[in-house]
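What follows is a single structure, written as structure tokens, with notes after it.
Predicted model only: the values in this text are computed from it and were never measured.
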Amino acid sequence: MDATKVNVGKPTGGAISVASFGTTLPTTTAEALAEAFVSLGYISDAGLVNGNSPSNTDIKAWGGDTVISIQTEKPDTFRFSLIETTNPAVLKTVYGDSNVEVGEDGAISIKANSKEPDYKSYVVDMILKGDKLKRIVIPYAKITAIADITYSDSAAVGYEVTLTAVPDTAGNTHYEYIK
């Protein structure tokens, strides 16, 4: 046992950044992000939730013994709430690039429709205990769920999104780097 290896994840600045698929991805915690990456700003205090658990089907023998367990899927999802709801990068991420227009005067126009969301690349940067940096790189993912949007005077408006990562050309859904 080693308590020095127990950590919490705190965001660094705009902890989650997004870019069009095909943008050069970082392979270390220190590497600067390509200019195409845009910060999604503040994320709610619920942080980032990574669902990465396999599902299995058990095969039973006559008599009830489980004799083999077959993995049927292993989704890799990331859930977080974007709370900078007038940030054009957030709106383009939620509604699609072609559905958000920003005028020269800063006025924003949004179209909500059923267009399929684009696959994009995401990078999450955080600081662990002892000023260790952690970076999660998600090469190829799209938004597969958006929670209900609540407008009230007692909580920040937010877009809780779920990203589903799919395998890249190497067969990996995300990468993690710690330094």
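- Once rounded to the nearest 0.5 Å, the distance linking CG of N87 with OG1 of T85 reads 9.0 Å.
- Here CG of N52 is found 6.0 Å from OG1 of T173. Values are rounded to the nearest 0.5 Å.
- Two residues are said to be in side-chain contact when any heavy atoms from C-beta on lie closer than 4.5 Å; T162 and I143 fail this criterion.
- A distance of 6.0 Å separates CD1 of I136 from CG of N50, quoted to the nearest 0.5 Å.
- Looking only at side-chain heavy atoms (C-beta outward), E160 and R79 come within less than 4.5 Å of each other.
- Between T24 and A34 the shortest heavy-atom distance is O-CB, 3.8 Å.
- The residues K10 and D131 are annotated as not salt-bridged, no charged nitrogen and carboxylate oxygen being separated by less than 4.0 angstrom.
- Across all non-hydrogen atoms, the minimal contact from P11 to A15 is CB-CB, 3.5 Å.
- Tested against R135 for a side chain to side chain donor-acceptor pair (under 3.5 Å), the candidates T29, D125, T28 yield a single pass: D125.
- In this structure, T23 contributes its side chain and A19 its backbone to no donor-acceptor pair below 3.5 Å.
- With hydrogens and angles disregarded, no donor-acceptor distance shorter than 3.5 Å links the side chain of D65 to the backbone of V67.
- Side-chain heavy atoms closer than 4.5 Å link hydrophobic residues (I, L, V, M, F, W, Y) into clusters, and following such links, possibly through other members, connects V124 to I43.
- Using a distance-only test at 3.5 Å, with no hydrogens or angles considered, a donor-acceptor pair links the side chain of T72 to the main chain of S55.
- Applying the salt bridge (Lys or Arg N to Asp or Glu O under 4.0 Å) rule to pairs touching residues 170-179 yields K134-E176, sequence neighbours excluded.
- P167 is not listed as a side-chain neighbour of N172, based on a closest heavy-atom distance of 4.5 Å or more.
- D2 CG: more than 12 foreign heavy atoms inside a 6.0 Å radius.
- Residue pairs meeting the ring pair (Phe, Tyr, Trp, His ring centres under 6.0 Å) criterion with at least one partner in residues 128-175, sequence neighbours excluded, are F21-Y140, F78-H174, Y95-Y159, Y119-Y140.
- Between the side chain of N7 and the main chain of K129, a donor-acceptor pair closer than 3.5 Å is present.
- Proximity of L40 to T93: side-chain heavy atoms (C-beta onward) are separated by under 4.5 Å at one or more points.
- Looking only at side-chain heavy atoms (C-beta outward), M126 and I178 stay at 4.5 Å or farther from each other.
- Atom CD1 in I138 sits 5.5 Å away from atom CG in L163 (nearest 0.5 Å).
- Two residues are said to be in side-chain contact when any heavy atoms from C-beta on lie closer than 4.5 Å; K142 and D118 fail this criterion.
- No continuous path of ILVMFWY side-chain contacts below 4.5 Å connects Y122 to V38, so the two sit in separate hydrophobic clusters.
- In terms of heavy atoms, K111 sits closest to E101 at NZ-OE2, 4.2 Å.
- Residues S121 and S20 share a closest heavy-atom pair of OG-O, 4.2 Å.
- Looking at T164 and P75, their side chains never come closer than 4.5 Å, going by heavy atoms from C-beta outward.
- Partner of L91 under the side-chain contact (heavy atoms from CB on, under 4.5 Å) criterion, chosen from V102, N99, I108: I108.
- Side-chain heavy atoms closer than 4.5 Å link hydrophobic residues (I, L, V, M, F, W, Y) into clusters, and following such links, even through other members, never connects Y42 to V157.
- F37 and I16 sit in two unconnected hydrophobic clusters of ILVMFWY residues. Membership requires side-chain heavy atoms under 4.5 Å apart, directly or through other members.
- Within 6.0 Å of atom CD in E73, more than 12 heavy atoms from other residues, nucleotides or ligands are found, so the atom counts as buried in its surroundings.
- Between A141 and A165, the shortest heavy-atom distance links the atoms CB-CA, 3.8 Å.
- Following chains of ILVMFWY side-chain contacts shorter than 4.5 Å, one can reach V18 starting from I110, so the two form part of one hydrophobic cluster.
- Scanning all heavy atoms of the two residues, the minimum distance from I70 to I59 falls at CD1-CG1, 3.8 Å.
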